[in-house]
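Quick note: residue numbers are just sequence positions, from 1.
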Amino acid sequence: MSSLQDPRVLLALERTLLAWNRSSLALIAFGFVIEKSTLLGQIIDPVRFANKIVYSQWLGILIVCFGLLISLWSVAQYRVALKSLTQEEMIDGYRTHLPIVLSLFTLLTGILLVISFWI
């Protein structure tokens, strides 16, 4: 629980959520690159690269899912930390749900990305 009685605590909490969101986006992008890394080998010689293709696909999906988990976990942590703030640390009229919307949008697009791997 915070006892600083300063509105900057809320903004620092929001910056932390956005930093976790950037980290989850980086993991999702990295997983996408890994999943698509064997595309050229699949075009050239699919029989020779068959084992590597399956391995890269599942590794990429696993890393994307880890990024999604980080995004979801960071939203949960943000909500817990918001509840610990006092009224003096809150900013009148400030909307605290917008970073949550951004993180949930990241989560939704990541899920759609994983679905697109099988389509």
Side-chain angles (χ1 to χ4, degrees):
M1 179 163 197
S2 174
S3 62
L4 295 177
Q5 315 305 345
D6 191 353
R8 291 180 290 182
V9 174
L10 171 64
L11 299 176
L13 182 62
E14 188 174 276
R15 282 191 306 272
T16 302
L17 174 64
L18 294 174
W20 278 110
N21 192 37
R22 283 190 302 270
S23 298
S24 68
L25 280 170
L27 283 169
I28 291 168
F30 185 58
F32 175 78
V33 168
I34 289 175
E35 203 275 335
K36 296 298 180 186
S37 66
T38 56
L39 189 60
L40 185 61
Q42 185 178 9
I43 292 171
I44 294 172
D45 190 2
V47 175
R48 181 175 163 203
F49 291 102
N51 291 334
K52 293 179 182 177
I53 291 168
V54 171
Y55 175 75
S56 292
Q57 284 176 339
W58 284 108
L59 181 63
I61 289 170
L62 182 67
I63 292 174
V64 168
C65 289
F66 184 65
L68 297 175
L69 183 66
I70 292 294
S71 182
L72 190 61
W73 180 66
S74 65
V75 168
Q77 289 294 101
Y78 176 73
R79 291 178 55 113
V80 167
L82 268 180
K83 290 178 185 175
S84 73
L85 297 181
T86 62
Q87 188 60 36
E88 291 83 22
E89 293 166 325
M90 299 301 281
I91 301 170
D92 291 332
Y94 191 78
R95 302 201 186 271
T96 58
H97 70 280
L98 293 177
I100 294 174
V101 170
L102 180 65
S103 293
L104 293 178
F105 178 73
T106 301
L107 189 69
L108 175 67
T109 55
I111 290 170
L112 292 175
L113 180 67
V114 170
I115 291 171
S116 74
F117 290 155
W118 282 295
I119 294 177

**Q.** Separation of Arg79 CZ from Ser74 OG (nearest 0.5 Å)
**A.** 12.5 Å
Q) Taking ILVMFWY side chains as joined if any heavy atoms are under 4.5 angstrom apart, and letting links pass through other members, which residues group with Ile43? A) Leu39
Quiz: residues 100-113 side-chain donor-acceptor pairs under 3.5 angstrom, not counting sequence neighbours:
unit_1, atom_1, unit_2, atom_2, d
Ser103, OG, Pro99, O, 3.3
Thr106, OG1, Asn21, OD1, 3.0
Thr106, OG1, Leu102, O, 3.1
Thr109, OG1, Phe105, O, 3.1
Thr109, OG1, Thr106, O, 3.0

Q.
Within this structure, what is the CG-CG distance for the pair Leu98 and Leu17, rounded to the nearest 0.5 Å?
A. 11.0 Å
Q.
Using the rule that Ile, Leu, Val, Met, Phe, Trp and Tyr join whenever any side-chain heavy atoms are under 4.5 Å apart, tell me whether Leu72 and Leu13 fall into a single cluster.
A. yes
Q. Going hydrophobic residue to hydrophobic residue with side-chain gaps under 4.5 angstrom, can you get from Ile115 over to Phe117?
A. yes
Q. What pairs with Asp92 under side chain to side chain contact (heavy atoms under 4.5 Å, CB included), at least two apart in sequence or on another chain?
A. Gln87
(Q) Test your reading of the model: is there a side-chain donor-acceptor pair from Tyr78 to the backbone of Thr96, 3.5 Å cut-off? (A) yes
Q. Are Glu89 and Thr86 linked by a side-chain donor-acceptor pair shorter than 3.5 Å?
A. yes
**Q.** Non-neighbouring partners of Arg8 that pass side chain to side chain contact (heavy atoms under 4.5 Å, CB included), sequence neighbours left out
**A.** Asp6
**Q.** Ile28 side, atom CD1; Glu35 side, atom CD - distance, nearest 0.5 Å
**A.** 14.0 Å
Q. Do Val64 and Leu62 belong together in a cluster built from hydrophobic side chains that touch within less than 4.5 Å?
A. no
Q: State yes or no: do Val9 and Ile91 share one hydrophobic cluster built from I, L, V, M, F, W and Y residues joined by side-chain heavy-atom distances below 4.5 Å, directly or via other members?
A: yes
Q. To the nearest 0.5 Å, how far apart are OG1 in Thr16 and CD in Glu14?
A. 10.0 Å
**Q.** Sequence-distant partners of Leu69, side chain to side chain contact (heavy atoms under 4.5 Å, CB included), two or more places apart
**A.** none
Q. In the hydrophobic clustering that connects Ile, Leu, Val, Met, Phe, Trp and Tyr at side-chain heavy-atom distances below 4.5 Å, which members other than Ile70 occupy its cluster, ordered by chain and number?
A. Trp20, Leu27, Phe30, Ile34, Tyr55, Leu59, Ile63, Phe66, Trp73
Q: Could you state whether Leu68 and Trp58 fall into the same hydrophobic cluster, counting links through intermediate Ile, Leu, Val, Met, Phe, Trp or Tyr residues with side-chain heavy atoms under 4.5 angstrom apart?
A: yes
